[in-house]
Novice: 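Structure in structure tokens, see below.
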Amino acid sequence: MSLAQLHYTSATYGDGPESSEDAAIPARFSAVDAAIPASALTEAGPLLAYEPPTGTPRQVTDNALRALPESFSFSVLSDGSHLLARTVPVRTPQLSSLRFHAHAVHLPAGTRLPSGILPITACRSARWAAATPARIPAVDPVTALPAATGRTGEREGLNDFAVSRGPWLAGVLSDLRRLSETAEPSKVVIVERQSVDVARWLALAAAVLPQESTERLTFTTYARHPQRAPQQIIGVLPQDAHELSGPGLRVHTCTGPRPEGAVDDPWAETVARIWRNRVPELFREAAELPGEPFAAGPVAVTALCAGIALGPNQRAAAAGWAAERPYALDAKRTRQLVDALTAAGVDDRTGAEFDAAGRLFAALDGRSPATTTTPLAAMLVTEAVRGGNGSVELPGRTAFSGPEGAAVAAVLGPEILTELSGAGVGLDVARTVQLLRVARLLGVDCAELLPGVVRRLAPALLTDARDTDARDTDARDTDAQDTDAQDTDARDTDAQDAPGWAPALLELMDEQFDVRTALLGALDRIAPENPAGAERLLGRVALPFTGTQSLPHLRMCAEAPEAKAGCGADRVGAVQRVLRAAGMSPFAEPLVLRTAVGLVWEAGPPTVGEARLLLDAATSDAHRTAGTWSHLVAAALNAPADDEAASELAHDLLRGFPQEIGGRARGALLLLEFARELRSGSAAPDWAERVRALRPGAEPVEPEVLGHAFGALAGRLLAPDGPEAELYALAHSGDADLIAAYDRAAHGPDVQARLEADPGYAAGCFAVWTAHPHAGAEWSRTTAALLEEVLRPAVRALSADGVAAVEEAVGRSGSSGRAEAFRDWNRRGQGTLGRLGRRLAGRVRRG
């Protein structure tokens, strides 16, 4: 059955003007098959029209005519049908005027070319007409065309073209692949000097793209205005390729300089190498292998087996594909692939390639002979030792059981021992773990080096886990919206995000019992010094310590998260629960106490109440040996200034740890203990002098400690029975901090309550705050403020009888002049204090 044909021409003499170079060439349909609908003809005209290159004269010679581009196109119409056409320039015999003739066939929607012929293949048909025939032939240009035409014809010429376009091959083929995969509107523009070269590009693509993809691609080998062309692939001459840019437009200028940069498309890179090696028959071999369309694996495997050198991405694709389908290749091609992957002299292997090679070894191990798999195993362990690749998936130990394995061990064994004996081993966790695992695989004896390696590896595990945790926490803090979300994220991350070396470490401990025993013992020994680090490590890496080793500190670190979550605010209860997990008493092994306290109070000291409970839970000897007495001291020194229990704790600490506590901490505790003596009434005389003498030994003293001691002294002086001699010493000390503490205490609620309830107390305050006029400016300013800010509001709040009682008490406590001064102060109000102070001072001088 023949396809419907049409002719669109301007070659008839007398059709339109014969001059004006840039004028459009008029055209008309000269012959149309009746089966073609009128709507298709409306769309066909612009698709078949021809516009010569810029500067082409209307009068052309035969040679000039042959140099003009032809347009072979395959276009889709709005009704889903297709138009396959060839448009060629022609000239009139009489005036040599430039004209064109288009010959096309119409494919209704859903119709394919006969015999599976591809649209680009039909380009080589000899039946395309350059003039309108007297009648439309019964056979169209493509029906009788052999299906192989265009795929095998002129093979060497196509190979030559591929080699000449080597720098652009991968980029063009990658973009053509995308065109066939995506439904998004996009175009590939190929800039060539000859339109026939654009047709050759299409032939290159047709050889490698799946047939169903090639059949859907629309193209034109020549367009004067590529932005207007509706096809997906557009050929353009260099003079028409200026300023071609925009979204969805991929331009390949094959007449200019070589493109820069690599093409990130393993399939396209591999196909390009096959073309450059002139072996397109490999595409048929690759098509017979299983895999998705455009998968890089089949073509990469075929190329490697044929001896074609590929890059690391293509080799990785080949190894990955073969690892997933080890049954797809026979023994010969499997060995060829392994030989290509492990070839000596290749120095650009990547981590992804080694990972794929490891998967391939795992797939072939036990399925293929050792002579096939051992080169892969040797390459992997060599990379692990010499390349420093800590993520290489190591082969099984059986891979090195034969003579081939002994040869590998003889080469790598001395290098492993030399590095394991170095001072830096252990600091890089992944590297050390990898070396120990490779040593076991190759049977390298490193027992003598193991103690030193483990001694350096154990603290590195804690440090590396801490650094990883800090990075994760920083990232979470950036995105977190509130503290609760951050805490939840932290717990989730600890449980899920193990360090990169964790799987290899667990493999090592599972493989080598001696390493496991030594490493767990070393971690348990250093856990008391860094219990929080050990807790983080165990939260991120599930170390196997459930065997016969006691490991009390590691067991405590493992129990800590659940204990702290279960006990909530009861941190002492959490300590007791953690201690039970150790299976040892702090009296027998005091260091478990250090570990428990460090786990629960990682971020700050305990409270005073918690410190008292901890002190009661174990003897001072146990705290002394464990070093936890420092936490108790910190609790006392950081207690709030109004926590009177801090002074009791300070007294117990000074008595329990007389040799351990010294320096500034001892001075601060003595201040707290003095506050205890003041409150209990056992303090020796000269309080102000005593507290001022203790202060230098505590510098730099905590504000809470100073406030505690000074507050106790001020409170004692403001008590109803406060000694006058001690008050006199305070007033005349000139110590601004002491007087300020007295001022704060006088403003407190206790003084306010006493003033309201006891006229005698109010009278005493008046007497004290109007006495000692020569004590100094600091005392005078403070007492003046106390009279106005504390005493006056209290007196004004009293009833008349209450005020009279205060006046009477003032009179009893001093002369009649003092009672008069009180009446004057109470009557005159603010502004009277200056004259009152001067009057009292004059009386003192006269007396």
Side-chain angles (χ1 to χ4, degrees), residues 315-316 318-344 349 351-417 419-420 430-447 449-450 453 501-519 544:
R315 294 194 300 266
W321 177 89
E324 295 176 0
R325 304 169 181 84
Y327 51 83
L329 301 177
D330 57 24
K332 178 183 177 181
R333 286 206 289 179
T334 300
R335 181 58 188 266
Q336 289 173 337
L337 174 61
V338 170
D339 289 344
L341 293 173
T342 60
R349 294 186 177 97
E353 182 178 353
F354 282 112
D355 291 342
R359 297 195 301 273
L360 177 59
F361 172 84
L364 297 179
D365 190 26
R367 181 189 299 270
S368 299
T371 54
T372 298
T373 58
T374 299
L376 279 173
M379 182 183 73
L380 293 172
V381 296
T382 301
E383 169 64 12
V385 175
R386 294 178 178 173
N389 190 338
S391 64
V392 170
E393 184 68 26
L394 296 177
R397 192 173 185 180
T398 56
F400 303 98
S401 58
E404 297 87 355
V408 176
V411 174
L412 297 180
E415 299 178 24
I416 295 172
L417 292 176
E419 186 169 349
L420 286 177
R431 177 65 174 164
T432 303
V433 170
Q434 192 77 300
L435 287 175
L436 290 172
R437 294 190 67 202
V438 174
R440 174 182 176 274
L441 291 177
L442 300 179
V444 178
D445 185 6
C446 54
L449 303 176
L450 187 58
V453 172
W501 42 257
L505 176 65
L506 295 177
E507 290 284 349
L508 171 67
M509 299 179 75
D510 184 58
E511 294 165 351
Q512 303 185 45
F513 179 77
D514 54 343
V515 174
R516 168 180 169 175
T517 303
L519 185 56

Novice: Can you tell whether the side chains of R335 and D339 come within less than 4.0 Å, N to carboxylate O?
Specialist: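 Yes, this pair counts.
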
Novice: Quick check: closest heavy atoms across A378 and F400, and the distance to 0.1 Å?
Specialist: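 For A378 versus F400, the nearest heavy atoms are N-CE2, 4.2 Å.
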
Novice: Using the side chain to side chain donor-acceptor pair (under 3.5 Å) rule, collect all pairs that involve residues 320-331, keeping only residues at least two apart or in two chains.
Specialist: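 Counting only pairs at least two positions apart or across chains, no side chain to side chain donor-acceptor pair (under 3.5 Å) contact touches residues 320-331.
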
Novice: Could you check whether any side-chain heavy atom of I416 comes within less than 4.5 Å of a side-chain heavy atom of L442, counting everything from C-beta outward?
Specialist: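 Yes, at least one pair of side-chain atoms sits under 4.5 Å.
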
Novice: How many angstroms lie between OG1 in T517 and CD in Q512, if you round to the nearest 0.5 Å?
Specialist: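 It comes to 11.0 Å.
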
Novice: Could you tell me if the side chain of M379 sits less than 4.5 Å from the side chain of F354, heavy atoms only?
Specialist: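 Yes; the side chains approach each other to less than 4.5 Å.
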
Novice: How many angstroms lie between CG in L508 and CZ in R437, if you round to the nearest 0.5 Å?
Specialist: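 Result: 7.0 Å between the selected atoms.
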
Novice: Roughly how far, to the nearest 0.5 Å, is CG of L329 from OG1 of T334?
Specialist: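 CG of L329 is found 4.5 Å from OG1 of T334.
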
Novice: Do the non-hydrogen side-chain atoms of V338 and L364 ever get within less than 4.5 Å of each other?
Specialist: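 V338 reaches L364 side chain to side chain.
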
Novice: Do you know which two heavy atoms are closest between A316 and A356, and how far apart they sit?
Specialist: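 So the two residues come closest at O-CB, 3.5 Å.
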
Novice: State, with a plain yes or no, whether a side-chain heavy atom of L394 is found less than 4.5 Å away from one of Q434.
Specialist: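 Result yes, sub-4.5 Å side-chain heavy-atom pair found.
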
Novice: How many angstroms lie between OG1 in T398 and CG in D365, if you round to the nearest 0.5 Å?
Specialist: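 Interatomic distance, T398 OG1 to D365 CG, rounded to 0.5 Å: 5.0 Å.
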
Novice: Any idea which heavy atoms bring R359 and G320 closest together, and the distance?
Specialist: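 Minimum heavy-atom contact is NH2-CA, 4.0 Å.
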
Novice: Which value, rounded to the nearest 0.5 Å, describes the distance between L337 atom CG and T342 atom OG1?
Specialist: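 Rounded to the nearest 0.5 Å, the CG-OG1 separation comes to 9.0 Å.
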
Novice: Decide side-chain contact (heavy atoms from CB on, under 4.5 Å) for L435 and V453; before the verdict, give the C-alpha distance in whole Å, the side-chain angles of both, and the deciding distance to 0.1 Å.
Specialist: CA-CA 11 Å; L435 287 175; V453 172; over 6 Å; no

Novice: Does CD belonging to E383 count more than 12 external heavy atoms closer than 6.0 Å?
Specialist: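 Yes.
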
Novice: Hey, does C446 have a side-chain heavy atom less than 4.5 Å from the side chain of L436?
Specialist: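 Yes - at least one pair of side-chain heavy atoms lies under 4.5 Å apart.
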
Novice: Can you confirm whether E511 sits close enough to R397 that some side-chain heavy atom of one is under 4.5 Å from a side-chain heavy atom of the other?
Specialist: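 They are not in contact (no side-chain heavy atoms under 4.5 Å apart), so the answer is no.
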
Novice: What pair of heavy atoms forms the shortest contact from P414 to A409, and how long is it?
Specialist: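 Minimum heavy-atom separation between P414 and A409: CD-O, 4.1 Å.
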
Novice: Of the non-hydrogen atoms in L380 and A357, which two are nearest, and what is the gap between them?
Specialist: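 Of all heavy-atom pairs spanning L380 and A357, the closest is CD2-CB, 4.2 Å.
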
Novice: Is the backbone of A384 close enough, under 3.5 Å, to the side chain of R431 for a donor and an acceptor to pair up by distance?
Specialist: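 Checked: pair present.
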
Novice: Could you grab the distance from atom CG of L412 to atom CZ of R386, nearest 0.5 Å is fine?
Specialist: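 Rounded to the nearest 0.5 Å, the CG-CZ separation comes out at 5.5 Å.
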
Novice: Considering non-hydrogen atoms only, spot the tightest contact between E415 and V385 and give its length.
Specialist: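 The answer is OE1-CG1, 4.0 Å.
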
